[in-house]
Structures are given as structure tokens and as C-alpha cells.
Amino acid sequence: MRTVIFDLDGTLADTSADLIAAANACFRGLGYGDVLDPVADAHTAFRGGRAMLTLGFSRVKPGFGEAEVMEQYPILLDVYAEHIDTHTRLYDGAAEAVEALRRDGYAVGVCTNKPEDLADRLLTRLGVRDLFGSMIGAKTVGVSKPDPKPYIAAVEEAGGVLAQSFLVGDTETDRATAKAVGVPSVLVTFGPDGDGVKRLEPEALLTHYNELSRLTKELIG
């Protein structure tokens, strides 16, 4: 079956504000206040919890080490899990585009470097978990993107055929994953890098989800 696999953060949903809020909760607990800015630091948010903590510590604690980051990381995850959908919203037209693919006979799935339990919880809270035939998160198969194994697992779990699939993402990691597998990539221009993803030379760019059906037909028929 022809298959479309989606990244989550920065691709299906703008999760940056809730991620930044979780990191700031850690810094408030340490007495530093809100160290990260939800707008200016959104790009770092999409790189994950450790990246946000590292950036924050670099601003308030010169000479900090990995130990400080790792001590706060589980606290960040707990806070984020509790407030995972306070500000997060699906990008305009995302749910409708996925539903249209399903109606047209495509399999759809998710391949994210977000922990699987958090990704599953978020999509459930957003009311779209049942749209996806697969959910592969960070370490679900022991490794994360850009290793090809998570993508392959996402296609297989969705019941798809690898040679008739492609990845919709928003970062260099997604582009590298698609290259590693040998499938096309479509990068969104409404994610954290905006039009900057053009430099990665994906097979296609997605400026709005109302273009996805057309791109899908062009890429895999």
C-alpha cells in the first residue's frame, strides 16, 4: 500500500510553546526564572528537551555540565506530559489532509524523535491519534532518526510498502532520514526553519496542507 509518514513536532503540530514552558518550569524550580523565550527559542524547542536545557544553562550557569542537564531532564518530561496540549495546535489543514489521504487509499503513520508515550498522548489529546496506522517514537526500535530503522518500522506497522512511501518533515534530520532510506522527502515551510528548508533540497516543499494530496500523487501515484 502507498504510504505517507509524518514527523510530529514542527510538522503536524506546533509544539514549541509547551516544550519551552516545560523547560522554563525546570529553571524556575532552580531559581533562575523563565530563561527561554517561547518565540525566539522555538527552533531549539524542536531539537528536544536536552537541547532546551543546555541552551538555558548556558545563559545562567557558566561552566555547567551534562550532569545538570540530565538531572533536570526527567523533571522536564514530567511537566511536559502534564501540560502537553496547553498551547499546542495542529497546523492548519493537517487533520483534513490526513483524512483525505486515508479516503484515497493511502496508509499513514508517524515517525518522530519524541518519546513514543508522549507522542501518543499528544495526538490523542488533539483528537487525531486514530488517523494514524503507526506510531514510532524515539527508541521504539532502539534508535532514532536519522537512522533508517524507525522510518522503515513506521511504514511496515502502517501496512505500507517502503518503495511506495515518503516522509513529511521539517528538519535536516527528516531530510537525512529519507535519504538514508532512499525515499522522497517533503519538508514543510511553516515549521521552525520556514523557507530555510529549501537549502536541504527536498523532493518537494509543502507551504500548506491543502497541497499535500497533489504532492502525494506526484511522488508516489
Side-chain angles (χ1 to χ4, degrees), residues 1-16 42-43 45-47 88-114 119 122-123 126 128-129 131-138 144-221:
M1 181 180 287
R2 296 167 299 170
T3 307
V4 183
I5 300 297
F6 296 84
D7 174 54
L8 176 49
D9 297 63
T11 299
L12 285 170
D14 184 351
T15 56
S16 59
H43 187 276
F46 288 119
R47 293 171 50 211
T88 293
R89 298 292 182 270
L90 292 167
Y91 286 113
D92 186 42
E96 293 82 0
V98 174
E99 290 170 343
L101 289 177
R102 286 165 51 94
R103 287 195 302 271
D104 289 341
Y106 296 93
V108 291
V110 172
C111 182
T112 174
N113 280 351
K114 198 183 201 74
L122 177 58
L123 290 179
L126 294 175
V128 294
R129 175 62 184 90
L131 294 181
F132 299 96
S134 63
M135 168 63 73
I136 303 297
S144 301
K145 296 182 296 183
D147 190 287
K149 293 184 182 67
Y151 179 86
I152 294 170
V155 173
E156 292 177 346
E157 186 176 296
V161 176
L162 195 63
Q164 294 179 300
S165 71
F166 69 89
L167 173 62
V168 182
D170 66 299
T171 65
E172 187 172 0
T173 297
D174 295 312
R175 177 65 172 134
T177 301
K179 281 186 175 181
V181 180
V183 298
S185 61
V186 173
L187 298 184
V188 303
T189 62
F190 44 79
D193 281 341
D195 288 337
V197 295
K198 292 178 181 178
R199 74 185 189 283
L200 302 175
E201 300 182 345
E203 280 69 25
L205 296 169
L206 185 68
T207 62
H208 189 281
Y209 269 105
N210 59 18
E211 303 169 348
L212 185 59
S213 178
R214 173 183 58 81
L215 290 175
T216 298
K217 291 178 173 62
E218 292 175 358
L219 289 171
I220 58 175

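Because the structure is predicted, anything quoted here is derived from the model rather than measured.
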Give me the ring orientation class for F6 and Y209: parallel if the planes are under 30° apart, tilted from 30 to 60°, perpendicular past 60°.
->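 F6 vs Y209 ring planes: tilted.
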
Heavy-atom donor-acceptor pair, [X] side chain to [Y] backbone, under 3.5 Å:
X: R102; Y: V108; result: no
X: T171; Y: G169; result: no
X: S134; Y: A154; result: yes
X: K145; Y: C111; result: yes
X: R175; Y: S185; result: no

From [X] [atom1] over to [Y] [atom2], what is the distance, rounded to the nearest 0.5 angstrom?
X: L122; Y: L126; atom1: CG; atom2: CG; value: 4.5 Å
X: L200; Y: D174; atom1: CG; atom2: CG; value: 9.5 Å
X: S213; Y: E96; atom1: OG; atom2: CD; value: 13.5 Å
X: N113; Y: D7; atom1: CG; atom2: CG; value: 7.5 Å
X: I136; Y: I152; atom1: CD1; atom2: CD1; value: 11.5 Å
X: T88; Y: L123; atom1: OG1; atom2: CG; value: 10.5 Å

Can you give me the closest heavy-atom contact between [X] and [Y], atom names plus distance?
X: L162; Y: V181; result: CD1-CG1, 3.8 Å
X: Y106; Y: K217; result: OH-CG, 3.8 Å
X: E211; Y: L205; result: OE1-O, 4.1 Å
X: D170; Y: G10; result: CB-O, 3.4 Å
X: F46; Y: A13; result: CE2-O, 4.4 Å
X: G221; Y: R2; result: O-NH1, 2.5 Å

Ion pair present between E203 and K179, side-chain N to carboxylate O less than 4.0 angstrom?
->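 Between K179 and E203 there is no salt bridge, as every charged N stays at least 4.0 Å from the carboxylate O atoms.
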
Compare all side-chain heavy atoms of [X] with those of [Y] and state whether any distance is below 4.5 angstrom.
X: F166; Y: T216; value: yes
X: V110; Y: L12; value: yes
X: T112; Y: D9; value: yes
X: L90; Y: V128; value: yes
X: F132; Y: E157; value: no

Apply side-chain contact (heavy atoms from CB on, under 4.5 Å) to the pair H43 and D193, showing each step before the final yes or no.
-> CA-CA 7 Å; H43 187 276; D193 281 341; 2.7 Å; yes

Could you tell me whether E172 atom CD has more than 12 heavy atoms of other residues or ligands within 6.0 Å of it?
->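 Atom CD in E172 is not packed in, count stays at 12 or less.
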
Identify the residue among V197, L206, L167 that makes a side chain to side chain contact (heavy atoms under 4.5 Å, CB included) with L187.
->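 Between L187 and the candidates, side chain to side chain contact (heavy atoms under 4.5 Å, CB included) is satisfied uniquely by V197.
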
